[in-house]
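Below you'll find the structure, written out as structure tokens, and then a few comments.
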Amino acid sequence: MSKPVIMIGNGGHAAVLLEILIAQKRKILGYTAPEQNKSLFNLPYLGTDEAIKLYGKNKIDLVLGLGTVSVSLHRKAIFEAFIAHGYSFANVIHSAAILSPSVQLGQGIQIMAGAILQTNAKISDNSIINTGTIIEHDSSIGKHSHIAPGTTLSGGVLIGENCHIGTGTSIIQGISIGDGTLVGAGSVVVNDIVKNKKVYGVPAKEV
């Protein structure tokens with residue numbers, strides 16, 4: 001039986017995740033954030049993230065409702081802090097996502113509507129596979145990365161940790177992208193990218 005969840009965050013990404021959880025009839029205890037957002041599905045506001053420590057770590061799951069628009073260490077820091085305290089993060093997968101039976105998923109994965117994950121794709125902890133994204137066979141996404149809406153990864157693409165792959169990006173087969181890389185929206189990646197770079201364009205080049 002699924003444990004009740006607490007949402008961390010109260011913005012747009014959190015609202016999308018909450019709709020998925022509500023549709024799946026998950027019990028949601030409330031949300032934490034620096035301040036209250038009264039429009040967030042009338043959920044109880046529990047306080048700041050410190051309030052989570054009032055709940056037994058074995059009795060709840062957490063959902064990290066912070067999205068990213070660029071490379072960010074904030075999601076990673078929150079995730080790792082609560083993991084260190086013994087808490088666990090739920091995987092949130094929209095019913096309209098299509099996953100091959102051989103897909104490998106870590107902890108705290110978020111997969112949105114219309115995403116397609118093909119044979120032997122691997123998604124590591126705390127990563128977001130956003131709306132309409134295609135992850136083709138044998139591709140791998142590192143921890144804490146965000147694959148933004150409408151992105152296509154051809155077969156055998158390797159994405160490092162803490163990357164942001166912008167909306168509508170296309171990455172051809174066999175490409176490797178290093179940790180901490182930002183790929184701008186609408187780019188076409190045809191060459192490997194080393195870590196901690198910002199690239200953009202058709203074809204994508206360092207900026």
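The residues of the chain are indexed from 1 along the displayed sequence. Predicted model only: the values in this text are computed from it and were never measured.
Cluster annotation: Val188 and Ile171 are assigned to the same hydrophobic cluster (Ile/Leu/Val/Met/Phe/Trp/Tyr, side-chain heavy-atom contacts under 4.5 Å, transitive). Connection of Phe41 to Val63 is established within a shared hydrophobic cluster, with ILVMFWY side chains joined at heavy-atom distances below 4.5 Å, either directly or through further cluster members.
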Without placing hydrogens or testing angles, list every side-chain donor-acceptor pair under 3.5 Å for residues 86-94, not counting sequence neighbours.
residue : atom : partner : partner atom : Å
Tyr87   : OH   : Ile52   : O            : 3.2
Tyr87   : OH   : Tyr55   : O            : 2.9
Ser88   : OG   : Asp61   : OD1          : 2.6
Asn91   : OD1  : Gly108  : N            : 2.8
Asn91   : OD1  : Ile109  : N            : 2.7
Asn91   : ND2  : Gly106  : O            : 3.1
His94   : ND1  : Ala96   : N            : 2.9

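Not counting sequence neighbours, the partners of Tyr45 by the ring pair (Phe, Tyr, Trp, His ring centres under 6.0 Å) test are Tyr31.
Put simply, the side chain of Thr152 never gets that close to the backbone of Ile134: no donor and acceptor are under 3.5 Å apart. With Ser187 contributing its side chain and Gly201 its backbone, the two residues share a donor-acceptor pair below 3.5 Å. Side-chain atoms of Asn162 never come within 3.5 Å of backbone atoms of Asp179 as a donor-acceptor pair (strictly under, hydrogens ignored). In terms of modelled atom types and a separation under 3.5 Å, the side chain of Ser124 and the main chain of His144 share no donor-acceptor contact. Side chain of Ser154 to backbone of Ile172: no donor-acceptor contact under 3.5 angstrom is found. The closest donor-acceptor contact from the side chain of Asp125 to the backbone of Gln107 lies under 3.5 Å. With Arg75 contributing its side chain and Gly65 its backbone, the two residues share no donor-acceptor pair below 3.5 Å. Using a distance-only test at 3.5 Å, with no hydrogens or angles considered, a donor-acceptor pair links the side chain of Ser72 to the main chain of His74. Side-chain atoms of Asn37 come within 3.5 Å of backbone atoms of Asn10 as a donor-acceptor pair (strictly under, hydrogens ignored). Listed for the Thr133 side chain is a donor-acceptor partner under 3.5 Å among the backbone atoms of Ala148.
Here the OG1 atom belonging to Thr167 is positioned 11.0 Å from the CD1 atom belonging to Ile147, to the nearest 0.5 angstrom. From Ile141, atom CD1 reaches atom CD1 of Ile135 across 4.5 Å, with rounding to the nearest 0.5 Å. A distance of 10.5 Å separates CG of Leu43 from CD of Gln36, quoted to the nearest 0.5 Å.
The only member of Leu158, Asp192, Val194, Ile165 that meets side chain to side chain contact (heavy atoms under 4.5 Å, CB included) when paired with Ile177 is Ile165. No option in His13, Gln110, His146 other than His146 meets the side chain to side chain donor-acceptor pair (under 3.5 Å) test with Asn130.
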